[in-house]
Amino acid sequence: MNFTKIYFQEYKKIIFLLIIGLIIYRSPDLFLHPRFWAEEATLYFKSIYENSFLEGLFFIPRYTAEYITLSVNIPLTFAAHIFPLEYASAVSTYFSLFILLIPFSIVLWGDSHLWDSPTKKFLACLIILLAPTSTDAEIWLNTINLQVHCGIISVCLLFEKLDSPSIWKKWSYRILLIFCGLSGPYTMFLSLVFLLKAWHEKSKESLWLLLIVFITSSIQASLFLIIHHLDMVSPTKISHFDWVKAPIYIFNYHIMTPLLGIWVRLGANVEDFMITGKLKGTSLLVVCLATIITTTIILYWLSKNKISIYRILLLIAFLSVSLLVTYGSMHSIPYGRYAVIPGILFLLLILDNIDLNQKRNFKSYFLLTLLGISFVMGFFSFKDKAYWMAYIEGAPKWTNEIAQWTQNYDHPIASWPYPWHDSSWHFYLSDRELMKNFKEKIQSIHKIELISKNGQWAEKIIEVEGLPIDFHFIFIALITGDTKMYDAKIEYLGEHNEFYGEYSIINALNQQTHAILDFYSVDRSTQPHTKMIEKYQAVKKLVFRLRSNTSTSLKINDLKITAQKMSVF
């Protein structure tokens, strides 16, 4: 039996099965016991579960993402509103697996300008899976980091040959690009390269893809500008960008790390040395010098040899994505998940310079050796932080957490990552029907107007069927008349006027804008666990009260209820 012949006949299926095998090898527990990851549960799933189906599809959190991410909203909305709650994490995990496999499918069954042989297709798959930057545990099998994988899909589509694609491939690529363009900023970062490719090829399908990128990028850019105008951009982003340090960060995390992986991490941070001049360990100097020499050689070969237009596009893609990722990353330090796509683009530059047809080609052997080192380093870190991907002692299982929550709605639901005792990854789910009825009751009231004088209480009673576990009451309040000595509050009362608590309007009132932006029922993540859920279900009246010794009026407009204070709209 000629195994070489069989391989070249069935190499696509063989490589794809190998990729699936490596994925299962990395985290078999997650397929048996799917989990939610960090803000995927505490922010996105909670908000989407407690709001309507349509609100879930277009959910954008404040101070976290400045763009829409359909790769999160679509699966989590279906998980929250269509599937039983105990299967919600399975929907997230297996949807993430599906998206994870798409780039490998495009590489193997597509027709690319970059990987045009079985060997190069195999190497491209290894770059996507095993590049040291690609093995970051944070981006593994969760929807909130699928935007990174959507960026990889866009890179694969960017270099596809589009002269005469089949109808199936044509519409698959269009739909994929729409989805990726509305699932984070990475497709937008590639806009210039899609433009240059369409200008060079002048094919109908290249123009179609450019149009899709233009429309989706316009939507994402508009959302960013709106959110920035509303002052809802995360304070950890943009403001820390430094033009001097940016090239150093890019060199360290987007060139050194993809090549040498854990050697860079073990050798301390190169940017500290380059900025402060202080060297921590002689091994770091060796690594720095070796990488600088290697990078210089690669750039020399790029300039010396006849360069194809697609190699130029690949280089532009690397530079633009690296710079924009650095600009938009937390504290403008582009490591971890921010280094994944730049690292892949840099290794693809190396792959594109390898000529497998020319014999005794020192350059190709040297570059293949670099890729080999990269794959070895990546494989060493492939199962790094195993406690983020394996059910060791203390790891919460979603089905068990939901079973406990079903028995006791006052139970905080635990999610990943480690350490699991960290209350940051614990959250509560409000009763969805109760939240819906409560929102309808409040939103049916257009305004509340109270006038008080001579020390008498003026009040407005709103009858409810109970309060959710936590909610956020947003409204505009205007105080007129004597605003020096008055008392304004909201009281929670039971059916027979049992007192369950109150909220001071004065304390939350912004004296310049008269806007109350945060009114919490119960925020269990910041308050001690002292109040039982039964008390909030027993609340039957919200009483708005105003008292003043002179003449004071309180007008409340634009009453809104949201299940999550982080909603942009």
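What you see below is based on every heavy atom in this structure, not just the backbone, and it leaves out hydrogens, waters and symmetry mates. All of these numbers come straight from a predicted model, not from anything done at the bench.
When the side chain to side chain donor-acceptor pair (under 3.5 Å) test is applied to Glu86, no partner is found at least two apart in sequence or on another chain. Judged as a side chain to side chain donor-acceptor pair (under 3.5 Å), and not counting sequence neighbours, Thr399 has no contacts. Phe382 pairs by the ring-ring contact (aromatic ring centres under 6.0 Å, His included) definition with nothing, not counting sequence neighbours. When the side chain to side chain contact (heavy atoms under 4.5 Å, CB included) test is applied to Thr216, the partners found at least two apart in sequence or on another chain are Leu182, Ile212. Evaluation of the side chain to side chain contact (heavy atoms under 4.5 Å, CB included) rule for His81 yields Ile48, Phe53, Thr77, Arg432 as partners, not counting sequence neighbours. Residues satisfying the ring-ring contact (aromatic ring centres under 6.0 Å, His included) criterion with Phe438, sequence neighbours excluded, are Phe471. For Tyr173, the side chain to side chain contact (heavy atoms under 4.5 Å, CB included) partners are Ile106, Leu157, Glu160, Leu162, Lys169, not counting sequence neighbours. Evaluation of the side chain to side chain donor-acceptor pair (under 3.5 Å) rule for Glu39 yields no partner, not counting sequence neighbours. Every residue two or more places apart in sequence or in another chain that forms a side chain to side chain contact (heavy atoms under 4.5 Å, CB included) with Tyr418 is listed here: Tyr387, Trp388, Trp420. Partners of Trp405 according to the side chain to side chain donor-acceptor pair (under 3.5 Å) rule, which considers only residues two or more places apart in sequence or in another chain, do not exist here.
No side-chain donor from either of Ser217 and Gln220 sits under 3.5 Å from a side-chain acceptor of the other.
Atom CZ of Phe16 sits in a crowded spot, with more than 12 heavy atoms from other residues, nucleotides or ligands closer than 6.0 Å. The number of heavy-atom neighbours closer than 6.0 Å to NZ of Lys441, taken from other residues, nucleotides and ligands shown, is 12 or below. Within a 6.0 Å sphere centred on CZ of Phe98, other residues, nucleotides and ligands contribute 12 heavy atoms or fewer.
The six-membered or imidazole ring of Phe346 lies away from that of His254, with a centre-to-centre distance of 6.0 Å or more. Proximity of the aromatic rings of Phe36 and Phe45 is defined here by a centroid distance below 6.0 angstrom, and this criterion is met. Within the 6.0 Å centre-distance limit, the rings of Phe59 and Tyr44 are counted as a close aromatic pair.
Contact of the Ser27 side chain with the Leu141 side chain is registered, since non-hydrogen atoms from C-beta on lie closer than 4.5 Å.
Classification of Glu465 and Lys436 as a salt-bridged pair fails, no side-chain N sitting under 4.0 Å from a carboxylate O. We find that Glu502 and Lys489 are joined by a salt bridge, their nearest charged nitrogen and carboxylate oxygen being less than 4.0 Å apart.
Relative to the ring axis of Trp416, Arg35 places its NZ or CZ within 45° and under 6.0 Å from the centre.
Under the 3.5 Å distance criterion, the side-chain polar atoms of Lys46 are matched with a main-chain donor or acceptor of Tyr428. Side chain of Gln147 to main chain of Tyr186: no donor-acceptor pair is present (N/O by atom type, distance under 3.5 Å, no hydrogens or angles). Between the side chain of Arg26 and the backbone N or O of Thr135 there is at least one donor-acceptor pair closer than 3.5 Å. Proximity of a side-chain donor or acceptor of Ser134 to a complementary backbone N or O of Leu130 within less than 3.5 Å is not detected.
For residues 87-109, the set of pairs meeting the side chain to side chain donor-acceptor pair (under 3.5 Å) definition, not counting sequence neighbours, comprises Glu40-Ser92. The salt bridge (charged side-chain N to carboxylate O under 4.0 Å, His left out) analysis of residues 175-186, with sequence neighbours excluded, yields no pairs.
Ile127 and Leu371 make their closest contact through CD1-CD2, 4.2 Å (heavy atoms, listed as atom of the first residue, atom of the second, distance).
Aromatic ring orientation, Phe379 versus Tyr25: parallel (interplanar angle below 30°, classes split at 30° and 60°).
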